[in-house]
Amino acid sequence: MVWDYAPAPQARDIVSIAAKYGLFIDGEFAPSASGETFVTVNPATEERLADVAAAGPADVDRAVRAARAAHDRVWGPMPGVQRAKYLYRIARILQERAREFAVLETLDNGKPIRESRDVDVPLAAAHFFYHAGWADKLEYAGFGQAPQPLGVAGQIIPWNFPLLMAAWKLAPALAAGNTCVLKPAETTPLSALLLADVCQQADLPPGVVNVTTGAGDTGSALVSHPGVDKIAFTGSTEVGKEIRRAVAGTGKRLTLELGGKAANVVFDDAPLDQAVEGIVNGIFFNQGHVCCAGSRLLVQESVAGPVVERLKRRIDTLRLGDPLDKNTDIGAINSRQQLDKIRELSAAGEAEGASRWSPQCQLPPRGYWFPPTVFTGVSQSNRIAREEIFGPVLSVLTFRTPDEAVVKANNTPYGLSAGVWTEKGSRILWMAQRLRSGVVWANTFNRFDPASPFGGYRESGFGREGGRHGLEAYLDV
Ligand code: NDP
């Protein structure tokens with residue numbers, strides 16, 4: 001008998017999506033000066049969700065001025081204990097409206113509701129709670145007795161964790177006394193606009209948070225605006241480099257959180273079943289649209305056969321399909337453009353001689369979909385071992401000795417994250433000292449906590465987000 005899950009659809013009527021959205025500037029929603037809009041679609045169905053205002057340079061200017069006025073008159077001089085109240089309020093409203101946010105995020109992004117409900121939204125609220133706690137304790141953060149905010153922060157975020165990245169950017173900036181102009185990604189603007197609605201509901205003073213939706217040009221206008229004191233960017237290394245060039249010599253502060261090509265290193269003494277769960281979570285969480293995804297599996301040669309076999313068996317059980325179904329593990333790829341990139345790099349993997357495997361799975365007829373994919377027989381020079389695919393594609397390489405594992409793990413221009421699976425604590429520490437990455441997970445993967453700093457080395461960027469270190473990026477120290 002073939003046994004299957006019954007459908008468990010999450011109702012979408014908890015969210016009401018407007019036909020049109022304006023920019024959020026100075027506490028109010030308004031159309032862009034030019035009247036231009038762009039369309040955001042549901043990547044799982046290609047259904048049009050809404051028309052969203054595209055901010056031009058005049059709108060960005062208005063937002064930066066509003067943020068400056070709010071900083072100088074209200075938010076900067078406000079005692080930390082008062083700022084904390086607003087952050088707590090935002091955190092609590094996020095919790096109260098959690099399901100609404102989760103459904104909206106899943107509709108606009110394509111990620112499974114299981115993840116938006118259990119990861120993105122709770123973590124976003126946790127970031128506001130955590131930073132609310134810092135707002136009146138900045139003088140104890142180790143940055144001097146009276147650390148001052150920088151002023152106006154321009155914040156540009158990607159489409160993979162739209163709400164969570166907004167929280168990562170806004171919460172520390174606001175706690176430190178800065179005001180913000182946030183530019184969400186073009187394909188996922190809706191949860192940032194709902195967060196703007198939460199700011200209104202929380203009675204946040206006008207101009208403290210502004211949301212200027214639009215494409216790359218909007219981000220570029222924000223970066224080059226002379227009224228911005230700090231740019232915080234998360235996205236591709238290519239755009240990060242462009243931003244660094246634009247900011248050079250202006251005196252603006254900059255933090256960049258860019259791409260990655262993380263090694264997930266499995267030693268032969270690791271608990272293999274747990275490691276397999278960690279490998280699956282490392283690369284298939286959020287369809288692999290994760291900058292710190294464990295996209296290179298480095299497995300010790302003596303256990304490579306059993307690990308790959310168990311991995312394939314586990315992947316066979318993953319359910320791909322309707323992101324609003326509560327049983328779904330793998331949702332849609334966020335955009336046609338990203339799907340093309342994943343297809344192109346996967347084809348390059350085959351052309352370069354690696355063996356490709358995907359489970360039998362039916363892809364939905366509409367929308368952007370890619371099956372979970374594993375490449376074995378990958379060599380370090382292959383593009384799939386070097387380039388960030390940003391999709392559900394795992395490259396498997398092997399090693400024999402710990403030294404070889406370190407050399408291979410570090411053989412990348414990136415340095416964002418890594419995973420180590422072994423039962424020996426001493427080996428974990430030995431590896432952690434040698435792996436050139438900002439985060440090293442031991443016997444787990446993709447764990448996030450607002451108290452724990454996150455960020456990279458080299459082409460993965462610089463600066464930290466989260467924890468005490470993350471506050472530094474928004475303080476004049
Ligand atoms: P981008 O780096 O282009 O997008 C990130 C953000 O920057 C978006 O809000 C984008 O706007 C904006 N932006 C684009 N161009 C500029 C510019 N010149 N100045 C200022 N802001 C700009 O990433 P993509 O969405 O194009 O994805 C491309 C690749 O980047 C992916 O395939 C993936 O490999 C990698 N990536 C890595 C991420 C990470 O967290 N490390 C996150 C996202 C992507 P808009 O969305 O409108 O283009």
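We count ligands from 1, going down the list as the structure has it; atoms in each ligand are counted the same way.
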Check: Ser395/Lys261 side-chain N/O donor and acceptor closer than 3.5 Å: no
With distance as the sole criterion, is a donor-acceptor pair present between the side chains of Ser358 and Thr373 under 3.5 Å? yes
Enumerated ligand 1 atoms positioned under 4.0 Å from heavy atoms of Glu242: 18 (N)
In ligand 1, which numbered atoms sit nearer than 4.0 Å to a non-hydrogen atom of Val239? 2 (O), 3 (O), 15 (N), 16 (C), 17 (C), 22 (C)
Can a donor-acceptor pair be found between the side chains of Thr212 and Thr218 at a distance below 3.5 Å? no
Does the protein come close to atom 24 (P) of ligand 1 - that is, does one of its heavy atoms sit below 4.0 Å from that atom? yes
Would Thr398 and Lys408 count as having a side-chain donor-acceptor pair, cut-off 3.5 Å? no
Please determine if Ile157 has a nitrogen or oxygen closer than 3.5 Å to a nitrogen or oxygen of ligand 1. yes
How about Trp159 and Asn109: does a side-chain donor come under 3.5 Å of a side-chain acceptor? no
Check each heavy atom of His289 against ligand 1 and say whether those closer than 4.0 Å belong to the side chain, the backbone, both or neither. neither
Considering the heavy atoms of Gly216, write down every atom of ligand 1 situated less than 4.0 Å from one of them. 11 (O), 13 (N), 14 (C), 15 (N), 16 (C), 17 (C), 19 (N), 20 (C), 21 (N), 22 (C), 45 (P), 47 (O), 48 (O)
Without hydrogens or angle criteria, can the side chains of Asp108 and Thr40 be said to hold a donor-acceptor pair below 3.5 Å? yes
Arg117 side chain to Gln10 side chain, donor-acceptor N/O pair below 3.5 angstrom: no
In the protein, what heavy atom is nearest to atom 28 (C) of ligand 1, and what distance, to one decimal place, separates them? Ser236 CB, 4.2 Å
For Arg319, is there an ion pair with Asp325 - N to carboxylate O distance below 4.0 angstrom? no
For Gly214, the ligand 1 atoms whose distance to one of its heavy atoms is below 4.0 Å: 47 (O)
Which bit of Ile389 is near ligand 1, meaning a heavy atom under 4.0 Å away: side chain, backbone, both or neither? neither
Provide the number and element of each atom of ligand 1 under 4.0 Å from a heavy atom of Trp159. 24 (P), 25 (O), 27 (O)
Any idea which protein heavy atom is nearest atom 45 (P) of ligand 1, and the distance to it? Lys183 NZ, 3.6 Å
Tell me the contacting part of Lys341 for ligand 1: side chain, backbone, both, or neither, using a 4.0 Å heavy-atom threshold, strictly below. side chain
Among all protein heavy atoms, pick the one closest to atom 21 (N) of ligand 1 and tell me residue, atom and distance. Gly219 CA, 3.6 Å
Here the atoms of ligand 1 under 4.0 Å from any heavy atom belonging to Gly259 are 41 (N)
Answer yes or no for Arg464 and Tyr457: cation-pi contact, defined as NZ/CZ to six-membered ring centre under 6.0 Å and angle to ring axis within 45°. yes
What residue and atom, counting heavy atoms only, is the protein's closest point to atom 40 (O) of ligand 1, and at what distance? Cys291 CB, 3.3 Å
Identify, for atom 35 (C) of ligand 1, the protein heavy atom at the shortest distance, and state residue, atom and that distance. Glu388 OE1, 3.5 Å
Relative to atom 44 (C) of ligand 1, which among Phe38, Phe390, Phe161 owns the nearest non-hydrogen atom? Phe390
Looking only at the aromatic ring of each residue, does the gap between the centers of Trp134 and Tyr474 stay below 6.0 angstrom? no
Write out the residue and atom name of the closest protein heavy atom to atom 12 (C) of ligand 1, then the distance separating them to 0.1 Å. Ile156 CG2, 3.7 Å
Look at the rings of His131 and His127 and say which category their plane angle falls in: under 30° parallel, 30 to 60° tilted, over 60° perpendicular. parallel
Which of the ligand 1 atoms, numbered from 1, are nearer than 4.0 Å to a heavy atom of Thr234: 5 (C), 40 (O)
Given the options Asp72, Asn210, Thr179, Val152 meets side chain to side chain contact (heavy atoms under 4.5 Å, CB included) only with Thr179
Which bit of Leu258 is near ligand 1, meaning a heavy atom under 4.0 Å away: side chain, backbone, both or neither? backbone
Atom 43 (C) of ligand 1 [closest protein heavy-atom partner, distance rounded to 0.1 Å]: Pro158 CB, 3.4 Å
Students should be able to answer this: which protein heavy-atom is nearest to atom 46 (O) of ligand 1, and at what distance? Glu186 N, 3.0 Å
Could you tell me whether the side chain of Phe448 reaches within less than 4.5 Å of the side chain of Trp168, counting heavy atoms only? yes
Contact atoms of ligand 1, heavy-atom distance to Ala185 under 4.0 Å: 9 (O), 46 (O)
Salt-bridge present (Glu344, Arg383; N to O < 4.0 Å): yes
